[in-house]
Protein chains: 2
Amino acid sequence: MKPLTIGELSAQAGVKIPTIRYYESIGLLPAPLRTDSNRRTYDAAAVSRLRFIRHARELGFEVDAIRQLLMLADDPAHPCGEADALARAHLADIESKIARLQALRAEVRNMVEPCPQGQVRTCHVIEVLADHSHCLHDHH
Amino acid sequence: MKPLTIGELSAQAGVKIPTIRYYESIGLLPAPLRTDSNRRTYDAAAVSRLRFIRHARELGFEVDAIRQLLMLADDPAHPCGEADALARAHLADIESKIARLQALRAEVRNMVEPCPQGQVRTCHVIEVLADHSHCLHDHH
DNA sequence: CTTGATCCTCCAGTCGCTGGAGAATGTACG
DNA sequence: CGTACATTCTCCAGCGACTGGAGGATCAAG
Ligand SMILES: [Zn+2]
Ligand SMILES: [Zn+2]
Ligand SMILES: [Zn+2]
Ligand SMILES: [Zn+2]
């Protein structure tokens, strides 16, 4: 019932005030009504929407994907294939990032573990960085 | 012997020309000598240095860490504990990123797999995004 | 009425590049 | 020697997703 200030919205959704204004500026949150003194006023729907955005961000969705997901969420009769496709694309993205990081982990372990811990002259970390042929795989 | 142009350095190190200039501007590459007509000229040491930087970037090191690694590499008599510590810190960073991504992967799989594939009204993807209590874990 | 909290707009910075504009110079060919 | 094209120069703006500060207006409590 009672409209919320941006500070209350921020507290209820767990999103910082500048971030809320940023979301508005990029069209992720609709521009809310203002008081006579130009302050933003929000309702309960804004809280849900902002929580949705925050949750999707926490789960790693990009803002463009969230924009699409919000449009879909606003249209309950729409077939859900598009939402699922967005989620699956995100899943694939996560998986490729994991694969890349696992490869990096192997390379960095291979740099640091065999180091004889003497001078830089014989440091395996420096040696590997200076010459890719010491690497396990091609990570170009 | 013969000095290289920035284009030749770019080709030999596999780093784009604007990136080379950017590295110079942030002090990662020293400012090279110039010709009478103000063009940069490089020597073989610049190729090694730039390859080192490129390799470290490919392995995910941040520019600040690379700056430290380059200073260490320039000082062969220095004990190598600092270089190893930088690499180990990077390894820890990679591992925490992997852990976070694995958690995200589990959550996103849990969003997309049980979806009955009907309308948005009953889409599990949208449902989970709207309500964190459907999630497997706390990923806040 | 005063104090302090909250809000407003605008702008700059983060990181690691990337690319464009517009001008100057280098190189190759006829 | 002239002309065309490639390369380089500097400067500046943009990416994504915020974050924070300056400087000013307004609100709520005592
Ligand atoms: Zn070492
Ligand atoms: Zn390598
Ligand atoms: Zn669905
Ligand atoms: Zn969740």
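In what follows, chains carry the letters A, B, and so on, assigned in the order in which the sequence lines appear, proteins first and then strands, with residues in each chain numbered from 1.
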> Hey, does the side-chain of A:Arg39 have a donor or acceptor N/O within less than 3.5 Å of a partner on the base of C:dT6?
Replying inline: yes
> Should B:Arg49 and B:Asp74 be marked as a salt bridge (Lys or Arg N to Asp or Glu O under 4.0 Å) after you check the CA-CA gap, both sets of side-chain angles, and the distance that decides it?
Replying inline: CA-CA 10 Å; B:Arg49 196 174 178 89; B:Asp74 285 343; 3.2 Å; yes
> Just how far, in rounded Å, is C1' of D:dA17 from CZ of A:Arg21?
Replying inline: 16 Å
> Closest heavy-atom contact between A:Glu8 and A:Pro3?
Replying inline: OE1-O, 4.2 Å
> Under 4.0 Å between a side-chain N/O of B:Arg57 and OP1 or OP2 of C:dC17, yes or no?
Replying inline: yes
> OP1 or OP2 of C:dG16 less than 4.0 angstrom from a side-chain nitrogen or oxygen of B:Thr19, does that happen here?
Replying inline: no
> In whole angstrom, what separates A:Ile26's CD1 from D:dT19's P?
Replying inline: 12 Å
> Hey, are A:Arg109 and B:Glu95 close enough for a salt bridge, meaning a charged N less than 4.0 Å from a carboxylate O?
Replying inline: yes
> Which is true for A:Arg40 with a 4.0 Å heavy-atom rule: it touches a base, it touches only sugar-phosphate, or it touches nothing?
Replying inline: sugar-phosphate
> Do the ring centers of B:His55 and A:His139 come within less than 6.0 Å of each other?
Replying inline: yes
> Roughly how far, to the nearest 0.5 Å, is the CD atom of A:Gln117 from the SG atom of A:Cys123?
Replying inline: 8.0 Å
> What integer distance in Å separates A:Lys16:NZ from D:dA17:P?
Replying inline: 16 Å
>> Measure CD/B:Glu62 against P/C:dC17 and give the value in whole Å, please.
In response: 11 Å
> A:Ile53 has an atom CD1; how far is it from atom P of D:dC18, in whole Å?
Replying inline: 10 Å
> Taking atom P of C:dT6 as reference, at what distance in whole Å does atom CG of A:Leu9 sit?
Replying inline: 15 Å
>> Within the 4.0 Å heavy-atom criterion, would you say A:Ile17 contacts the bases, only the backbone, or no part of the nucleic acid?
In response: sugar-phosphate
>> Under 4.0 Å from OP1 or OP2 of C:dC7: is there any side-chain N or O of A:Thr5 that close?
In response: yes
> If each of B:Tyr22 and A:Glu8 is mapped to the nucleotide of DNA chain C with the nearest heavy atom, which maps nearer the 5' terminus, i.e. the 5' end?
Replying inline: A:Glu8
> Over how many whole Å does the gap from B:Leu29 atom CG to C:dC17 atom P extend?
Replying inline: 11 Å
>> Any side-chain N or O of A:Arg34 below 4.0 angstrom from OP1/OP2 of C:dT9?
In response: yes
> Given atom CG of A:Asn38 and atom P of C:dC10, what is their separation to the nearest angstrom?
Replying inline: 10 Å
> Counting side-chain heavy atoms from CB outward, which of D:dT19, C:dC17, C:dT25 is closest to B:Ser37?
Replying inline: C:dT25
